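Only one structure is covered here, and it is reproduced in the block below.
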Amino acid sequence: MQSCLCGSGILFNQCCQPIIGGTQRAMTAEALMRSRYAAYAIHNVDYLIATTHPSERVNYSKEEITFWATNNQWQRLEIIAVTSTTVSFKAYYLDSNNQLQVHHEHSRFVFENGKWFYVDGDYFGN
Ligand SMILES: [Zn+2]
């Protein structure tokens, strides 16, 4: 069994996999963020849409998410700072030209009806 793609050091089937699979809930904003990174890496677009807050889903098309998830090879996740409702992170990926890129984002999350949702984020240059 592989260690989790999110870099937690925990096995995938004890970390993000049960959250993505819906048998376990993300208990924190950070756990949701980690599972969303892993979902990008395994191209689980439905999970990414389901964990985006309903009010924000209009801003993301399934095609766009699919393109972003599948045209990049997700290398690793670095969590920089966490609060109860925000996560700053860097996601490292190889783009379609095999160049290493960094997606640096400060994301906001909200807890609603017993679930965490991704709301939106600010992006930074590398
Ligand atoms: Zn994980």
Side-chain angles (χ1 to χ4, degrees):
M1 193 64 211
Q2 66 179 136
S3 35
C4 193
L5 300 158
C6 79
S8 61
I10 302 169
L11 293 176
F12 185 45
N13 67 1
Q14 293 168 20
C15 187
C16 294
Q17 190 180 42
I19 297 174
I20 293 169
T23 57
Q24 213 170 293
R25 283 185 181 182
M27 300 305 283
T28 61
E30 180 183 349
L32 183 74
M33 196 274 129
R34 287 180 173 279
S35 69
R36 284 174 51 88
Y37 171 83
Y40 271 108
I42 62 170
H43 309 159
N44 190 324
V45 176
D46 289 337
Y47 180 77
L48 291 163
I49 292 171
T51 54
T52 298
H53 192 266
S55 69
E56 297 289 328
R57 280 180 203 158
V58 60
N59 298 323
Y60 303 90
S61 74
K62 187 164 184 173
E63 292 69 32
E64 250 172 22
I65 297 174
T66 304
F67 184 87
W68 176 241
T70 57
N71 277 265
N72 300 313
Q73 294 176 60
W74 299 90
Q75 303 295 297
R76 71 186 173 89
L77 174 68
E78 181 185 336
I79 302 280
I80 295 164
V82 172
T83 71
S84 60
T85 57
T86 66
V87 180
S88 294
F89 66 92
K90 288 182 177 178
Y92 294 82
Y93 62 95
L94 296 173
D95 66 17
S96 48
N97 295 317
N98 235 26
Q99 297 296 306
L100 185 64
Q101 305 286 348
V102 184
H103 174 78
H104 183 185
E105 179 175 337
H106 180 77
S107 298
R108 283 176 285 275
F109 299 85
V110 67
F111 189 72
E112 230 175 67
N113 301 322
K115 286 182 189 172
W116 282 101
F117 292 95
Y118 171 72
V119 180
D120 60 7
D122 299 323
Y123 311 104
F124 304 98
N126 298 343

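Each residue takes its place number in the sequence, starting with 1. Every number for a ligand or one of its atoms is a count from 1 in the order of the listing. Given the structure is predicted, the values throughout are model-derived calculations rather than measurements.
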Self-check item: Distance criterion under 2.8 Å: protein N/O/S atoms around the Zn ion (ligand 1)
Solution: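 For the Zn ion (ligand 1), protein nitrogen, oxygen or sulfur atoms under 2.8 Å: 4.
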Can you check whether [X] reaches [Y] side chain to side chain, under 4.5 Å on heavy atoms?
| X | Y | value |
| --- | --- | --- |
| I19 | W116 | no |
| F117 | P54 | yes |
| N98 | Q73 | yes |
| I79 | M33 | yes |

Exercise. Any side chain to side chain donor-acceptor pair (under 3.5 Å) involving residues 61-70? Give me the pairs, sequence neighbours left out, ordered by first then second residue.
Key: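 The answer is D46-K62.
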Quiz item: Going by distance alone, is a donor N or O of one side chain under 3.5 Å from an acceptor N or O of the other, for E30 and T28?
Solution: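 No, no side-chain donor-acceptor pair sits under 3.5 Å.
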